[in-house]
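Below is one structure, written out as structure tokens; comments come after it.
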Amino acid sequence: MKAHGDGGFYDFQKIEAFWQARWLEEKTFATEPIDCGKKKYYVLDMFPYPSGAGLHIGHPEGYTASDILARYKWSCGYNVLHPMGWDAFGLPAEQHALLTGQAPAINTAQNIGHFREQIRRLGFAIDWEREINTTDPDYYRWTQWIFLQLFKQGLAYVDERPVWWCPELKSVLANEEVIDGRSERGNHPVERRNLRQWILRITAYADRLLENLDALDWPESTKQQQRAWIGRSEGTEIRFDIEGRVDSLAVYTTRCDTIYGVTYLVLAPEHPLLPILASAAQRGEVEDYIERARRKSDLERGGLAREKTGVFSGAQAIHPLTGKNIPIWVADYVLGSYGSGAVMAVPAHDERDFAFAQKFGLAILPVIQPVPKGDETACKLPFCDDGILFHSEAFNGLDSAQARQKITAQLEALGRGKACVQYKLRDWLFSRQRYWGEPIPIFWIQQGDYERALSLPDLYFREFLPSKAISYQEGDITWIAIPLSSKELPLQLPPVVSYQPSDQGESPLRRAEDFCEILVHLRTGEIRPQSQDIPSGEDWVFARRETHTMPQWAGSCWYHLRYLSPHDLQAPVDPGSLHYWGSPDFYIGGAEHAVLHLLYARFWQRFLFDIAAIDRPEPYPHLFHQGIILGEDGSKMSKSRGNVVNPDEVIRSHGADTLRLYEMFLGPLDAMKPWNTQGIEGCSRFLKKVWRLFIQDDGMGQDWAEEDDEALLPRLHETIRKVTEDIEQLRFNTAISQMMIFVNGATSSSLSRHSAKVFLQLLAPFAPHIAEELWSRLGETFSISKAPWPRFDPQLLVAERGRIVLMVNGKPRDELDLPLNCSREEALRAALAREKLRPYLDEKTIRRIIWVPQKLLNLVLD
RNA sequence: GCCCAGAUGGCGGAAUCGGCAGACGCGUCGGACUCAAAAUCCGAUUCUCGCAAGAGAGUGAGGGUUCGACCCCCUCUCUGGGCACCA
């Protein structure tokens, strides 16, 4: 079978369409059953968000890399799982709905259809039976189920707190989604607002997420980004008494060795004690300052122009070791959300405190001096490094590290402090006031109803009830969060008339009245809209649905598990499938998710592991980031620059095989590299040359030689070796150049049918359509991607004689063919006989001879 | 400011247990085929000097270790990425 008639030219359009259809029809790359007895290989791509714009040129880069691996592993006899799916919840579909009034589900389905078609046209070896879609209720049933598990364990809670609010998007955002005071998506300004929010207690996992990092096979820079984001620091919590009051102030410091240099304390404007302890004289000024700080945007407060501001509170603290009074100030350079929201200021040894003290004329008291190193003696303030203590009573002369230990111990003995660990990581703000997300499967009932419900022996909603109730106050009413039971899942998105969120931060779901205002039967779990007739009976209670939805990241936290048993109705993942397929052996995607998706997914995975829902603590043991492909001008591709390359057009003009090959040939997979339109011609020519190697002008197959040219066989085996090793190490660019070398050689000499066939197999993972076509024209059985991978014969690799470089004083002067096992003496004798070397050796004595077998002989003269 | 990665011909990039720098591709130049063009094929192509044979220089800059350094060490410059009042 072949794609088209007997035409002699390389008709990639026909060929590619033909084989794509065949792979799809025959389900060529569907996985084999988990009891097939083969070893497994799981290749995972970061699944795309199906945007309206379609695939961009970066998608085929990562997908081709994983596809090469998948096809290679099939050939090596593995049972390969290479799935694809859609991360389809999110803002753009909702914005499209706002513009057109069309339901996001419809637009999303269209976009998915387009993406699927584009991905198929690239010829990837995907198991389409396992396609998943995060917006499918059969998928998000389990996203909601995992949320309820978190809720049950007390890891999902509600709080009214200052959160990032984006007026443009009319939505709250997580810390991870805010960059320099603007939204990660859309680059709109954001501000602080107090809103009731669902929050996931990711901070409870800070240590677990940090510890596991070391063992992961990940790019080091990504691990470091996660480490920095988690931001563990070890220090001391110190309690300062307040003059004339019974309560005290806790501060956190990593530099308790500088405690004798403390000259004032600083509270964040948000500090709860601040309004209470401000003196009568200072109160007005303090309240004014708090108000101003509250109104400042984060950019003003934390941005580049950060002139220190602050006011004196009028209160005094008492130094825990010297007993001296020190003034308490308020300043917005101290963050309310880190540590205890209060710091001890040591202006002599901290740049920020130094700047503040200078501006407000506060005392600067040095207590650390540099370790003397001879020449330099003077010390410029602030001196922020470790050093030797002075003016520090019993601790004088200690170095900083020792002093930290001893001072912490001393404070502990006095009951004034203790060693403590802090993290920069904040809890994950999880709710969104949007339509197009997973509904949070919770409803709220009043406290009285809740207490009555608890006394029921057969409360329907007990399954995910946490030991400590989640509540919030609305006027006089206390609402308690009740989880749906797993039988109520999925909680589907209701239809709404308008997708517009309100300016007050209410979800569009709020308008779906029959969805929101409900009656719930606590024994049977039955739920009715309140608008229907009100049933009688004690166990019916009024309830309100939660109207917030989950953020886009939720669905991608566990999709790698769903691929293993995408149609399972009993659990998010079938245990047998999980046991067989385990974790992805290769996970590839962009580096932009270093602290978003990749951190959230690790959190969920670890949580599911801790509740024994799954058997492994890390989702992605092996991670790789493909580099960005830049525009032809070397800058980032963007519509405004007009340097965007459209993959559809390249497929039309050059074919999918050429596009795949070119993206892999561009450079190292993880490097950032510019697109070059002329460069793609080179790959196109290469494939045409391959075609001509197999097919004569009249369309007939080539007349193969009985045997290869003598020089060709070692080259073929060298190519097998190089391509195999390069694929294993993801060095696709050099694998391709080796195949080019082989074809260049084969074109000008006689090639056997057998060697031609082996070469095709090497090419197949890179350019599968042309390989499949030529394979079938050779009369071989479908599919080339399942034919056993060729092995090289080491005997055939090495030539019998090796080329030795002759050097004089390290400079190459001549070269020489010598037997491989040639000794140092033989090499030297041969070298001295060379005419060419004579002028360099004249009149000189050879002082030293460097002999590297099979490589070089270096003669060192005086 | 701090942390990480990187810098090789006209261009993308090869080559690292320290052993012929510039594989492969693009571009350019020359040639073959052609009435001509496209396509294809062959040859040249790091720079400087030289008719040539050849000589010298050369992997961001400067120093060091070594028989020998793109590779290891020190200092610096630049580029990309991340963090950024986290005490």
Side-chain angles (χ1 to χ4, degrees), chain A residues 9 179-180 219-229 231-233 235-236 251-256 258 266 268 301-304 306 308 331-335 337-346 349-353 355-356 384 422-426 591-592 594-595 625 627-628 630 632 634 636 661-662 665-668 670-683 685-686 688-689 692 731 733-741 743-744 747-748 803-815 846-852 854-861:
Chain A
F9 77 106
I179 294 158
D180 291 339
E220 201 51 46
S221 63
T222 300
K223 290 207 247 183
Q224 265 167 5
Q225 268 187 65
Q226 289 214 351
R227 277 190 204 105
W229 191 261
R232 181 191 149 96
S233 86
T236 314
V251 304
Y252 173 74
T253 180
T254 54
R255 291 298 304 272
C256 73
T258 65
V266 196
R301 198 173 146 171
L304 300 171
R306 38 192 175 197
K308 296 278 181 289
D332 66 4
Y333 80 90
V334 173
L335 305 175
S337 51
Y338 181 77
S340 54
V343 303
M344 58 178 221
V346 187
H349 304 298
D350 180 279
E351 280 182 32
R352 296 150 301 181
D353 297 341
F356 190 81
C384 303
Q422 289 285 340
Y423 296 91
K424 278 204 276 186
L425 185 70
R426 309 293 150 80
E592 66 274 18
V595 290
H625 298 309
I628 295 169
L630 302 170
E632 207 152 7
K636 231 178 195 152
L661 202 69
Y662 177 61
F665 186 62
L666 261 177
D670 56 355
M672 196 184 261
K673 48 218 169 229
W675 182 269
N676 181 298
T677 304
Q678 278 167 334
I680 199 168
E681 292 298 338
C683 288
R685 277 176 212 158
F686 169 66
K688 285 180 196 162
K689 209 185 274 189
R692 283 197 306 274
R731 301 195 312 200
N733 54 334
T734 51
I736 293 167
S737 81
Q738 181 62 39
M739 289 191 278
M740 289 172 166
I741 292 169
V743 170
N744 288 344
T747 309
S748 56
R803 181 144 299 182
I804 300 295
V805 177
L806 300 180
M807 291 175 156
V808 178
N809 286 335
K811 293 198 178 196
R813 295 297 179 186
D814 194 7
E815 52 188 38
I846 298 175
R847 260 182 48 198
R848 206 172 148 187
I849 298 160
I850 312 285
W851 167 238
V852 184
Q854 294 175 45
K855 288 235 165 100
L856 60 87
L857 181 75
N858 186 11
L859 303 177
V860 185
L861 311 177

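Values below: every heavy atom of this structure, side chains too, minus hydrogens, waters and symmetry copies. Protein chains get the first letters and strands the later ones, always in sequence-line order, with residue 1 at the start of each.
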Problem - B:G6 pairs with, by Watson-Crick or G-U criteria that keep both distances under 3.5 Å - result: B:C78
Exercise for the section: Can you tell me the pairing partner of B:C24 across any strand shown, Watson-Crick or G-U wobble, with both distances under 3.5 angstrom? Expected result: B:G12
Problem - N or O in side chain of A:R255 less than 4.0 angstrom from B:A87 OP1/OP2 - result: no
Completion exercise
Looking only at B:A23, B:C85, B:G12, the nucleotide nearest the A:Y333 side chain is B:C85
Exercise for the section: May I ask you to verify if any side-chain N or O of A:Y338 is less than 4.0 angstrom from the OP1 or OP2 atom of B:A87? Expected result: yes
Practice task
Describe the nucleic acid contact of A:R227 in one word from base, sugar-phosphate, nothing, applying a heavy-atom distance below 4.0 Å.
Solution key: nothing
Exercise for the section: Please check the phosphate of B:A14 (OP1 and OP2 only) for any side-chain N or O of A:N733 closer than 4.0 Å. Expected result: yes
Handout entry: 5' precedence on RNA chain B between A:N744 and A:P674 (nearest-nucleotide basis)
Key = A:P674
Handout entry: Rounded distance (Å) that lies between atom C1' of B:G25 and atom CD1 of A:I680
Key = 13 Å
Practice task
Using a 90° cut-off around 0 for syn, call B:G54 syn or anti.
Solution key: anti
Handout entry: Nucleotide nearest A:L666 (side chain, heavy atoms from C-beta), chosen from B:C85, B:G12, B:G56
Key = B:G12
Name the pairs: protein N/O against N/O of nucleotides 3-8 of chain B, kept only if under 3.5 Å.
none

Practice task
List the steps and the verdict of side chain to side chain contact (heavy atoms under 4.5 Å, CB included) for A:Y338 and A:R426.
Solution key: CA-CA 9 Å; A:Y338 181 77; A:R426 309 293 150 80; 3.8 Å; yes
Exercise for the section: Please step through side chain to side chain contact (heavy atoms under 4.5 Å, CB included) for the pair A:T222 and A:H625, ending with a clear verdict. Expected result: CA-CA 9 Å; A:T222 300; A:H625 298 309; 2.7 Å; yes
Fill in the blank from the handout: A:K811 atom NZ is separated from B:G19 atom P, nearest whole Å, by 19 Å
Completion exercise
Atom CD1 of A:I741 and atom C1' of B:A14 are separated, to the nearest Å, by 10 Å
Practice task
Could you please name the partner base of B:C85, counting Watson-Crick and G-U wobble pairs only when both distances are under 3.5 Å?
Solution key: none
Practice task
Examine B:A87: is either OP1 or OP2 under 4.0 Å from a nitrogen or oxygen in the side chain of A:S233? Give yes or no.
Solution key: yes
Exercise for the section: Can you tell me, in whole Å, how much space there is between the P of B:G13 and that of B:G60? Expected result: 14 Å
Problem - Salt bridge flag under 4.0 Å for residues A:E220 and A:R227 - result: yes
Problem - Gap between atoms NZ and P, on A:K855 and B:C20 respectively (whole Å) - result: 8 Å
Practice task
Tell me the partner of B:U40, counting only Watson-Crick (N1-N3 plus N6-O4 or O6-N4) or G-U wobble (N1-O2 and O6-N3) with both under 3.5 Å; none if nothing fits.
Solution key: B:A32
Handout entry: Any donor-acceptor N/O pair under 3.5 Å between B:C85 base and A:K308 side chain
Key = yes
Exercise for the section: Could you let me know what B:C72 is paired to, Watson-Crick or G-U wobble, both distances under 3.5 Å, or none if it's on its own? Expected result: B:G64
Completion exercise
Pairing partner of B:U46, by Watson-Crick or G-U wobble and under 3.5 Å for both distances, is B:A57
Practice task
Could you please name the option among B:G82, B:A87, B:C67 that lies closest to any side-chain atom of A:I850?
Solution key: B:C67
Handout entry: N or O in side chain of A:R685 less than 4.0 angstrom from B:G27 OP1/OP2
Key = yes
